[in-house]
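Throughout, a chain's letter reflects where its sequence line sits, starting with A, and its residues are numbered from 1.
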Protein chains: 2
Amino acid sequence: MTTRWLTPEEQRAWRAYLAATHLLEDAIDRQLQQDAGMPHLYYSILANLSESPERRLRMTDLAERSKITRSRLTYAVARLEKDGLVRREDCRWDKRGSVAALTDEGMAVLERTAPGHVETVRGLLFDRLSPEQVAQLEEIFTGVARGLQGEDPGCPSGDVPWLRRSAPTPGSAPDPPCS
Amino acid sequence: MTTRWLTPEEQRAWRAYLAATHLLEDAIDRQLQQDAGMPHLYYSILANLSESPERRLRMTDLAERSKITRSRLTYAVARLEKDGLVRREDCRWDKRGSVAALTDEGMAVLERTAPGHVETVRGLLFDRLSPEQVAQLEEIFTGVARGLQGEDPGCPSGDVPWLRRSAPTPGSAPDPPCS
DNA sequence: ACGACTTGGTTCAAGTTTGAAACAAAACTA
DNA sequence: TAGTTTTGTTTCAAACTTGAACCAAGTCGT
């Protein structure tokens, strides 16, 4: 199968996407590190908890919502617990499980820092987008996320090789590597 | 200044964006780690070099194009050099400077792994987008990237606080933290 | 019940990233 | 030209991430 390289339009889109997401994440990370003393991911974890019933979630659920591995979450929660923003509790129904609960202090940090965070996101992203673009953004990434998640209605058939460490696709490549 | 929270549309777009970018980066990282033995960033560095005249670039330029800090690049290049994919040279005009040059082996790795990489990007992203969406993607992120980069024609006036570690924006927040 | 598999979570070592501090070589400046 | 500032890059310690290995505690089939 001869490689289907990206078209010029796709290349431009891909490069713009890569550059922007990099810069955006960096900027948000710096802002939150500054104002909340934690990286974006940790902030999202707190935010996720704050929106859950009882402000608590089992580790696996929290990991899933945050789109990160369990391992990574374990570390993150350990840090947040050390800072007193989260408390670990045992799951009553399942003795294996443990749940992370947002503490009052954690909630306070969230409330104190949320405005600055939203302002940043707005200033860097949404204030530059027209309502149509916001809709396009949602449309595009909802689809992409669905494709990357488990089941995907619309793709050949529950067989997405990239999620199962595909074997390298051979073929000669004197063309642009697409970065 | 009372916080301008995200509208429901913006929230949906933001969440979809966050989820998708996370999953996408992870998937690409795994694919490249598998097939090329390096994370996406390192691959991009090689790709960047391969497209530069003489297949070499000064550290600062390379860092800028890759949208990463000099510090991070130093480490990355050290690793790539250890693997024999990149060679460090002294800059002849500026004794402070050093340049990174892609070795033949590095180029070979790139050529060998590019097809698989493109196939992944395509399968996870572009194959799900209509030509219009590709155009929208480019439009949106080109603007965002421009805003995050240095000068920004269209913004108030060379004074983007988020790039200079803004002081926390105060204000009470019983509203959603926007994750 | 019993053993075999699955699930929920943590741990460990190795690799990566970060920001600040350190340096050295330019480039100004008086 | 000496002194100061800027620029290019590395270094260091601390924080974070990764994937594989591990340990329970459930679940299932018989």
Does the side chain of [X] get closer than 4.0 angstrom to OP1 or OP2 of [N] through an N or O atom?
X	N	value
A/Thr60	C/dG9	yes
B/Arg70	D/dT9	no
B/Arg79	C/dT16	yes
B/Tyr75	D/dT9	no

Nucleotide of [options] approaching [X] most closely (side-chain heavy atoms):
X	options	answer
B/Asp94	C/dT18, C/dA26, D/dG26	C/dA26
B/Pro39	C/dG9, C/dT18, C/dT16	C/dT16
A/Arg30	D/dA15, C/dG19, C/dT16	C/dG19
B/Thr74	C/dT16, C/dA26, D/dT11	D/dT11
B/Arg58	C/dG9, D/dT10, D/dG8	D/dG8

Practice task
Would you state whether a donor and an acceptor, one from the side chain of B/Ser71 and one from the base of C/dG19, lie under 3.5 Å apart?
Solution key: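 Side chain to base: pair present.
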Exercise for the section: Classify the side chain of B/Arg96 versus the base of D/dT7 as yes if they form a donor-acceptor pair under 3.5 Å and no if they do not. Expected result: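 In this structure, the two groups form a donor-acceptor pair.
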Practice task
Can you run down the salt bridge (Lys or Arg N to Asp or Glu O under 4.0 Å) pairs that involve residues 58-70 of chain B, sequence neighbours left out, and say none if there aren't any?
Solution key: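 Those involving residues 58-70 of chain B are B/Arg58-B/Asp94.
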Between atom [atom1] in [X] and atom [atom2] in [N], what is the gap in whole Å?
X	N	atom1	atom2	result
A/Leu57	C/dG9	CG	C1'	15 Å
B/His22	D/dT18	NE2	C1'	14 Å
B/Glu89	D/dG8	CD	C1'	17 Å
A/Leu32	D/dC16	CG	P	13 Å
B/Glu25	D/dT18	CD	P	10 Å
B/Gln31	D/dG19	CD	P	13 Å
B/Ile45	C/dT17	CD1	P	8 Å
A/Lys67	D/dT17	NZ	P	17 Å

Handout entry: Between A/Glu105 and A/Thr103: side-chain donor-acceptor atoms closer than 3.5 Å
Key =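 No pair is found: no donor N or O on one side chain lies under 3.5 Å from an acceptor on the other.
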Problem - Backbone N/O of A/Thr120 and side chain of A/Gln31: donor-acceptor pair under 3.5 Å - result: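 Between the backbone of A/Thr120 and the side chain of A/Gln31 there is no qualifying donor-acceptor contact (under 3.5 Å).
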Problem - Donor-acceptor pair, side chain of A/Asp29 and main chain of A/His40, under 3.5 angstrom - result: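 Looks like yes, one N/O pair under 3.5 Å.
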Exercise for the section: Under the salt bridge (charged side-chain N to carboxylate O under 4.0 Å, His left out) rule, collect the residues that match up with B/Glu25, sequence neighbours excluded. Expected result: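 Applying salt bridge (charged side-chain N to carboxylate O under 4.0 Å, His left out) to B/Glu25 gives none.
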Exercise for the section: By nearest nucleotide on DNA chain C, pick out whichever of B/Gln33 and A/Ser98 is the more 5' one. Expected result: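 The answer here is A/Ser98.
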Practice task
Report the relative orientation of the aromatic rings in A/His117 and A/Tyr43; use parallel for angles under 30°, tilted for 30 to 60°, perpendicular for over 60°.
Solution key: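 A/His117 vs A/Tyr43 ring planes: tilted.
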Exercise for the section: Could you tell me whether A/Leu41 contacts a base, only the sugar-phosphate backbone, or nothing, with contacts defined as non-hydrogen atoms closer than 4.0 Å? Expected result: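 Sugar-phosphate contact only.
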Practice task
With DNA chain D as reference, determine whether B/Asp61 or A/Gly37 sits nearer its 5' end, using the nearest nucleotide of each.
Solution key: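 It is B/Asp61, whose closest nucleotide lies nearer the 5' terminus.
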